[in-house]
Amino acid sequence: MKLMPKLIWPLLAVFFCIMGYFYGYWMPRYHEDAKKGYVAETSRHLESVAQGLVPLMLGSQLDVIYENLDALKETNPEWKEIFLKDKDGRELYPLAGVASSVYDPKVPIAEIKRPILIGDAELGQLTARVDLGPSIALQRQHLFELGVVFASLCLILLVSMIFLIETAVLIPVRNLSRASKALARRDFATPLPKATKDEIGALIETFAAMREARRSAEEELARSNEELEQFAYAASHDLREPLRMVGSYVTLIDRRYADTLDKDGREFLAFAKEGVLRMDQLIKDLLEYSRVGRVFEARSHFALQDVADEALQILALRVKETQACVELTEGFKSLPEVQGFRDELLRLMYNLIGNAVKYQPPDRKPLIVIDGHVDEDGFVVVAVKDNGIGIDKQYFDRIFQIFKRLHPRTEYEGSGIGLATCKKVVEHHGGRIWVESQPDQGSAFFFSLPQG
Ligand code: ADP
């Protein structure tokens, strides 16, 4: 789940809880209290009217009483009916025959009674039927306004929170993650968000310091690697020249004097020829290794399937001889293009497929599957799987080191440079390489590369 919904959902939950409390609990109570308050107030009003009627009742001034009660009804339209009874229960008001008010039966009515007292003696009883509708409508209006104000405040709060989270957290974090991904591709120039004076700002500053440290370490490493590689390149290049001379003279001796040599002599000569060939192969492999990263070609975009096809063409004879079966899965074929140095990646595929064909028990036909997918960081991941002799877990790191072999040459040919070259190629492209395997259970070599 993304950060924004993670932060906003609890806020919305709190909002709905408050609304639930407001409408489910607080509002009915407020209505009830307001109704009671209105009835109590009307009751006090009726009480004062009842007291005002006392002298009129004592003086039997019925006309004045009628006028007063008529006026009372007129000035208080929500008092729908007023009844006045004397102490014997006879109705004094409204006058018999006067039509009583007509009102909607659905109207909420409260009947309020007050005795008309002089001392402890009761002179009569005043009853008012009061329409609560206007008071309820007024309360509703107030509650509605309150609700609107509350909802608007919440909305403003929510929008401000979203804006704040977006600008203060999400945008800098997104930019930082973009810069981290770029850093994984050795791109040190991606602009960083401005460091604010808060935790996110501290994170940005730490990242910037880390990137700078890595940049200078890489520059230092690149400088010393460059020197080493130049040395290795020059040394291996120069070594080939005298070796070629040794090779041609050994061939010459073989051609001219082989007949004059005895059996041992011919055998020694054969060893010398083989030694020259091996040495030549070793120097060639070393040259290849030292060439990786020394950019001779431009970066380009291409499909890894084309590279695998080309590697298989070069290996066609070995594949045929060993009756190997090579399968390129749909996942591999549908991989997006990568960006990089085609010759280097060709060497990578060639070495991995070549090893998968080579490291097999003598009686087994190689079965090789080349699979691929895009991982969650957007890297293209390729797997070269075989059904060969497998590798013990303890050697997983060792086999990627130069000249490190697990088998004598009499068992499996090789110089111990292939996987070291693969590692160098993958790392030169900003990816990584690893192996999963078990002895005699086959091996799977994985490498990841950034997409083009
Ligand atoms: P080499 O030229 O000897 O093949 P590599 O660097 O390619 O050199 O391989 C190093 C070692 O890793 C090999 O000697 C071998 O023991 C082991 N290895 C490489 N690929 C495989 C594989 N597919 N299955 C089993 N072992 C392998």
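Both ligands and their constituent atoms are indexed starting at 1 by order of listing.
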Any N/O pair E413/ligand 1 closer than 3.5 Å = no
key: ligand 1 N/O within reach of K358 N/O, cut-off under 3.5 Å   = yes
task = Indicate yes or no for a side-chain donor-acceptor contact from E288 to the backbone of K284 under 3.5 Å, with no hydrogens or angles considered.
result = no
request  = Tell me, please, whether Y412 has K358 positioned over its six-membered ring: NZ or CZ under 6.0 Å from the ring centre and within 45 degrees of its axis?
outcome  = no
task = Check each atom of ligand 1 against the heavy atoms of S443 and keep those under 4.0 Å away; list them by number with element.
result = 24 (N), 25 (C)
message = Any nitrogen or oxygen of G416, side chain or backbone, less than 3.5 Å from one on ligand 1?
response = yes
task = Just need the protein heavy atom nearest to atom 7 (O) of ligand 1, so name the residue and atom and give the distance.
result = N355 ND2, 2.8 Å
query = Do ligand 1 and L419 have nitrogen or oxygen atoms that lie under 3.5 Å from each other?
reply = yes
ask   = For ligand 1, which atoms have a heavy atom of L406 less than 4.0 angstrom away?
value = 14 (O), 16 (O)
task = Any atoms of ligand 1 less than 4.0 Å from a non-hydrogen atom of G418? List them with their elements.
result = 5 (P), 6 (O), 7 (O), 8 (O)
key: Step-by-step side-chain contact (heavy atoms from CB on, under 4.5 Å) determination, F15 to L157   = CA-CA 11 Å; F15 171 75; L157 189 75; over 6 Å; no
note = Closest to atom 3 (O) of ligand 1 among protein heavy atoms sits R405 NE, 2.5 Å
query = At their closest point, which heavy atom of P336 faces which heavy atom of V380, and how far apart are they?
reply = CG-CG2, 3.9 Å
ask   = Could a heavy atom of N351 be found less than 4.0 Å from some atom of ligand 1?
value = no
task = Name the option, out of K385, R398, K404, that contains the heavy atom nearest to atom 10 (C) of ligand 1.
result = K404
request  = List the closest protein heavy-atom neighbour of atom 16 (O) of ligand 1: residue, atom name, distance to the nearest 0.1 Å.
outcome  = H407 CD2, 3.1 Å
task = Name the closest protein heavy atom to atom 26 (N) of ligand 1, giving the residue it belongs to and the distance to 0.1 Å.
result = I391 CG1, 3.3 Å
query = Does ligand 1 have a heavy atom under 4.0 Å from the side chain of D386, from its backbone, from both, or from neither?
reply = side chain
task = Return the minimal non-hydrogen interatomic distance between S290 and K424, and the atom names on each side.
result = CA-NZ, 3.8 Å
request  = Return the option from G354, S415, A444 holding the heavy atom at the smallest distance from atom 2 (O) of ligand 1.
outcome  = S415
inquiry  = Tell me whether the rings of F445 and F400 are parallel (<30°), tilted (30 to 60°) or perpendicular (>60°).
reply    = perpendicular
Contact check, side chains of F447 and V425, non-hydrogen atoms, under 4.5 Å = no
message = Taking side-chain hydrogen bond (donor to acceptor under 3.5 Å, both in side chains) as the cut-off, I'd like each qualifying pair that reaches into residues 5-25, sequence neighbours left out, listed once.
response = Y25-R29
Show me the donor-acceptor pairs within less than 3.5 Å that the side chains of residues 368-375 make with the rest of the protein, sequence neighbours left out.
unit_1	atom_1	unit_2	atom_2	d
D371	OD1	T329	OG1	2.8
D375	OD1	D377	N	3.0
D375	OD1	G378	N	3.1
D375	OD1	F379	N	2.8

task = Identify the protein heavy atom lying closest to atom 17 (C) of ligand 1, giving its residue, its atom name and the separation to 0.1 Å.
result = I399 CG2, 4.0 Å
inquiry  = Quick one: does any side-chain atom of R266 pair with a main-chain N or O of D259 as donor and acceptor, under 3.5 Å?
reply    = no
inquiry  = Heavy-atom pairs closer than 4.0 Å: do any link ligand 1 to the side chain of F445, the backbone, both, or neither?
reply    = side chain
remark   = atom 21 (C) of ligand 1: closest protein heavy atom, distance to 0.1 Å, is Y359 CD1, 3.5 Å
Non-hydrogen side-chain atoms of E145 and Q141 separated by less than 4.5 Å = yes
